[in-house]
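Have a look at the structure below before the remarks.
Small disclaimer: the values here were computed from a predicted structure and weren't measured.
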Amino acid sequence: QVQLVESGGGLVQAGGSLRLSCAASGRTVSTYTMGWFRQAPGKERAFVAAISWSGGRRYYEDSVKGRFTINSDNTKNTVYLQMNSLKPEDTAVYYCAAVWGPWREKEVDYWGKGTLVTVSS
């Protein structure tokens with residue numbers, strides 16, 4: 001069992017930055033690849049970024065490349081999503097996700113409860 005707790009959401013103006021955190025706990029956290037999804041109002045949940053605990057592999061959705069950066073701190077079992085140059089269309093609930101083994105976008109094993117990011121124009 002893996003527990004994921006997100007934090008760091010809030011209200012920010014367009015062009016601003018936020019850093020989301022996802023604290024993972026559980027006996028076998030290191031065997032999971034971690035990622036972020038988001039769900040905007042009226043839309044389906046969509047992939048944003050993912051990272052292996054070793055940091056050797058990172059994956060990004062095209063619309064966030066160059067603006068968002070995913071990192072991990074293995075000593076804290078925490079994954080971060082640094083979001084810069086935020087746009088109103090980034091407004092969504094952001095969810096942390098854990099996939100056992102290599103990243104497979106459609107095979108998420110655990111979800112966090114989400115943190116709301118609102119970007120005002």
Side-chain angles (χ1 to χ4, degrees):
Q1 189 80 1
V2 173
Q3 294 79 40
L4 306 174
V5 179
E6 303 99 332
S7 61
L11 174 64
V12 64
Q13 288 189 332
S17 298
L18 278 176
R19 189 179 77 159
L20 305 183
S21 299
C22 172
S25 60
R27 195 161 56 91
T28 58
V29 164
S30 62
T31 63
Y32 289 80
T33 304
M34 305 298 295
W36 290 93
F37 288 74
R38 64 185 178 185
Q39 187 166 18
K43 296 188 177 181
E44 294 186 353
R45 194 175 300 189
F47 169 72
V48 176
I51 187 170
S52 59
W53 279 112
S54 67
R57 293 192 174 189
R58 291 176 169 82
Y59 311 88
Y60 294 98
E61 190 271 328
D62 286 346
S63 70
V64 307
K65 287 180 180 177
R67 299 189 299 124
F68 291 9
T69 303
I70 188 168
N71 284 306
S72 64
D73 184 338
N74 293 7
T75 64
K76 298 180 179 179
N77 282 351
T78 300
V79 175
Y80 304 97
L81 186 67
Q82 178 67 44
M83 306 185 295
N84 298 328
S85 303
L86 283 162
K87 305 175 182 180
E89 51 264 42
D90 294 318
T91 294
V93 177
Y94 284 71
Y95 296 91
C96 184
V99 171
W100 187 84
W103 180 253
R104 301 178 304 282
E105 183 177 324
K106 298 186 184 301
E107 297 183 28
V108 174
D109 294 290
Y110 297 100
W111 293 98
K113 293 185 178 181
T115 185
L116 177 62
V117 172
T118 303
V119 184
S120 63
S121 57

Shared hydrophobic cluster, Tyr95 / Val99 (ILVMFWY, side-chain heavy atoms < 4.5 Å): yes
Same apolar cluster (I L V M F W Y, side chains within < 4.5 Å links), Val12/Leu20: yes
Looking only at non-hydrogen atoms, find the nearest pair between [X] and [Y] and report the distance.
| X | Y | answer |
| --- | --- | --- |
| Leu4 | Ala24 | CD2-CB, 3.7 Å |
| Trp100 | Arg104 | O-NH2, 3.0 Å |
| Val108 | Ala97 | CG1-CB, 3.7 Å |
| Ser21 | Trp36 | O-CH2, 3.6 Å |

Disulfide bond (SG atoms under 2.5 Å apart): pairs with one or both residues in residues 21-120, sequence neighbours excluded: Cys22-Cys96
Sequence neighbours excluded - disulfide bond (SG atoms under 2.5 Å apart) pairs with any residue from residues 27-58: none
Plane angle bin for Phe37 and Trp103 - parallel if under 30°, tilted between 30 and 60°, otherwise perpendicular: tilted
Of all pairs that satisfy side-chain hydrogen bond (donor to acceptor under 3.5 Å, both in side chains), the ones with a partner from residues 38-50, not counting sequence neighbours: Arg38-Ser63, Arg38-Asp90, Arg38-Tyr94
Under 3.5 Å: donor-acceptor pair, side chain of Thr33, backbone of Gly101: yes
Set of residues satisfying side chain to side chain contact (heavy atoms under 4.5 Å, CB included) with respect to Arg58, sequence neighbours excluded: Ile51, Tyr60, Ile70, Asn71
Distance-only check: which donor-acceptor pairs under 3.5 Å involve side-chain atoms of residues 112-121, not counting sequence neighbours?
| residue | atom | partner | partner atom | Å |
| --- | --- | --- | --- | --- |
| Thr115 | OG1 | Gly9 | N | 3.1 |

Worked check of ring pair (Phe, Tyr, Trp, His ring centres under 6.0 Å) between Phe47 and Tyr59: CA-CA 10 Å; Phe47 169 72; Tyr59 311 88; 7.4 Å; no
Residues 76-86, side-chain donor-acceptor partners within the protein, below 3.5 Å, at least two apart:
| residue | atom | partner | partner atom | Å |
| --- | --- | --- | --- | --- |
| Thr78 | OG1 | Lys76 | O | 2.9 |
| Gln82 | NE2 | Asn84 | OD1 | 2.9 |
| Asn84 | OD1 | Ser17 | OG | 2.9 |

